[in-house]
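Structure record follows, encoded as structure tokens.
Keep in mind that what you see is a predicted model, and the values were worked out from it rather than measured.
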Amino acid sequence: MAMETALVMSHAMGRTLVLPPEQGFYLLQKSDQKQRNTFSFQDFFHLDAISIEHRGFKVITMEEFLVRVAMKGELRDKNSNKVMYPPNNETNFDAGGRGDHGLKKYLRSVASTPVWEPWDCALAFPSSTEPEAIEDLNTTLKSIMDGSYGKPKPKLEEFNGNPVPVNASMAERMREMLADRNDLCIYDKPLQEAKVIHLKVEKGARLLTHFYAFLFFADWKQDLWSKRFVRDHLRYVDEIMCAAARVVEAVRNHARKNKHHKPSSDEGIYDALHVRRGDFQYAPTQLPANELYDLSKKELIEGATLYVATDERNKDFFEPFKQHYDLVFLDDFIKEAIPGKSESVLFYSVNGCVQYEVSTSWLLYLTLVCLC
């Protein structure tokens, strides 16, 4: 989610997106010595290809940024205004090289570091760089918050099943975006003039949100374009997509052997269930399998083939589901669908991506973040 948000933000700002150094990703670092455990976003997404296709989107690595900009003395300390060079004049901070070693502290010293908390505000882009466009955002915000707009302060319940048209007035679209929020974080003149904006990640400043629920465009056409841009171009690299396609084929072939559900046996149809277990530390989300079954059974078909995408390694956990469905997991198809998996550079670290693509490929995709 944060990657999508950063990509759309960089395009909306007309800025070059600088990718973080290669590093360990959350839950993708546990690996044996034969597998990679540090990555760049380039390992997962066709960012260079997107940059070639769209003149308005530019992307470079952190090393390229430091060589082209920082080492040429173009960055200054925000407080002293003195030229600052990267720590020890290094430019390679990949985990396989030096690691962080003061890079974050350096970036926060030379760049503008706005704190945009998605739960508190929506990040708003004015329709132009003119002062009037920013004032229009502020005036509309005030009228919505103080009630002078003529409607009550927006709540999420107002828009459940009743979304605002994509081409509605700016005020109506802003009301929807502000539901259960109190403010806009506006991309104003000081931010527009900042040489570098650093999206720092720390407590109270994490972009764990869907871009379309956080970024507000005064121009509805820009809003619609951004959503189509992500939909049509931001996808996993071919290695992941092809692996997922082979798993889908294997699951469908398995489903055709299911004599307890005619659509499965006739057409290879299967349902998919996404159960996340190991990456949530919040105890109330750790529901037992029988409760997950009770919550999902009205959406699933008795006897049908059910593909479960999960990080739960103990498959006995899903015994309540085995009693009602033809249950299968990614592990059941790995050897035939992903040949040479033990030598694959990305396999174990990207199987979550493969699981997602397999899950969203067929009849019913139901997500249970135990429960999300």
Side-chain angles (χ1 to χ4, degrees), residues 1-5 25-28 30 44-45 208-213 230-231 234-237 240-255 258 261 263-264 268-334 337-338 346-372:
M1 293 189 293
M3 178 61 209
E4 290 180 345
T5 301
F25 278 40
Y26 177 58
L27 293 180
L28 299 185
K30 300 177 181 179
F44 300 95
F45 302 103
L208 290 180
T209 184
H210 297 290
F211 74 93
Y212 46 81
V230 173
R231 180 197 66 187
L234 189 60
R235 65 170 181 82
Y236 291 126
V237 295
I240 296 174
M241 297 297 291
C242 291
R246 289 192 291 270
V247 175
V248 169
E249 182 180 16
V251 175
R252 293 191 64 188
N253 287 337
H254 171 90
N258 181 2
H261 182 236
S264 291
I269 286 178
Y270 65 90
D271 292 336
L273 191 68
H274 181 200
V275 182
R276 297 171 66 176
R277 295 276 298 166
D279 60 342
F280 286 96
Q281 309 304 316
Y282 187 50
T285 66
Q286 301 298 317
L287 298 183
N290 61 323
E291 290 188 35
L292 296 179
Y293 167 72
D294 289 338
L295 288 166
S296 60
K297 63 182 180 182
K298 65 179 181 181
E299 305 291 345
L300 301 173
I301 302 174
E302 187 84 10
T305 297
L306 177 63
Y307 174 86
V308 176
T310 184
D311 57 353
E312 174 60 65
R313 303 311 301 167
N314 179 17
K315 298 305 187 292
D316 290 338
F317 172 83
F318 295 97
E319 187 60 35
F321 288 91
K322 291 181 182 179
Q323 298 174 14
H324 299 275
Y325 312 108
D326 172 32
L327 203 63
V328 293
F329 303 91
L330 179 63
D331 294 347
D332 299 324
F333 308 100
I334 282 301
I338 309 180
L346 291 178
F347 173 70
Y348 281 112
S349 296
V350 303
N351 67 47
C353 308
V354 172
Q355 296 238 40
Y356 173 79
E357 293 298 332
V358 176
S359 297
T360 56
S361 293
W362 209 244
L363 189 61
L364 173 68
Y365 174 46
L366 187 64
T367 301
L368 298 177
V369 188
C370 295
L371 184 78
C372 81

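Interatomic distance, NZ of K297 versus OH of Y325, reported as 8.5 Å (0.5 Å rounding). Taken to the nearest 0.5 Å, the CZ atom of F318 stands 12.5 Å off from the CG atom of N290. With values rounded to the nearest 0.5 angstrom, F321 atom CZ is found 7.0 Å from L306 atom CG.
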Which is it for V308 and F317 under the side chain to side chain contact (heavy atoms under 4.5 Å, CB included) test, yes or no, and what are the steps along the way? CA-CA 12 Å; V308 176; F317 172 83; over 6 Å; no
V251 vs V248, test: side chain to side chain contact (heavy atoms under 4.5 Å, CB included). Steps then yes/no. CA-CA 5 Å; V251 175; V248 169; 5.8 Å; no
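Here Q323 pairs with E319 under the side chain to side chain contact (heavy atoms under 4.5 Å, CB included) rule; sequence neighbours left out. Annotation: side chain to side chain contact (heavy atoms under 4.5 Å, CB included) contacts of E291 (sequence neighbours excluded): L287, P288. Checked against ring pair (Phe, Tyr, Trp, His ring centres under 6.0 Å), F211 has no partners two or more places apart in sequence or in another chain. Applying the side chain to side chain donor-acceptor pair (under 3.5 Å) test to N314 and every residue at least two apart in sequence or in another chain returns nothing. Taking the side chain to side chain donor-acceptor pair (under 3.5 Å) definition, one finds that D326 meets it with H254, T305, sequence neighbours left out. In this view, K322 satisfies the side chain to side chain donor-acceptor pair (under 3.5 Å) rule with no residue, not counting sequence neighbours. E312 meets the side chain to side chain donor-acceptor pair (under 3.5 Å) test with R277; sequence neighbours excluded.
Proximity of the aromatic rings of F329 and Y307 is defined here by a centroid distance below 6.0 angstrom, and this criterion is not met.
Looking only at distances, a side-chain donor or acceptor of T310 sits under 3.5 Å from a matching main-chain atom of V275.
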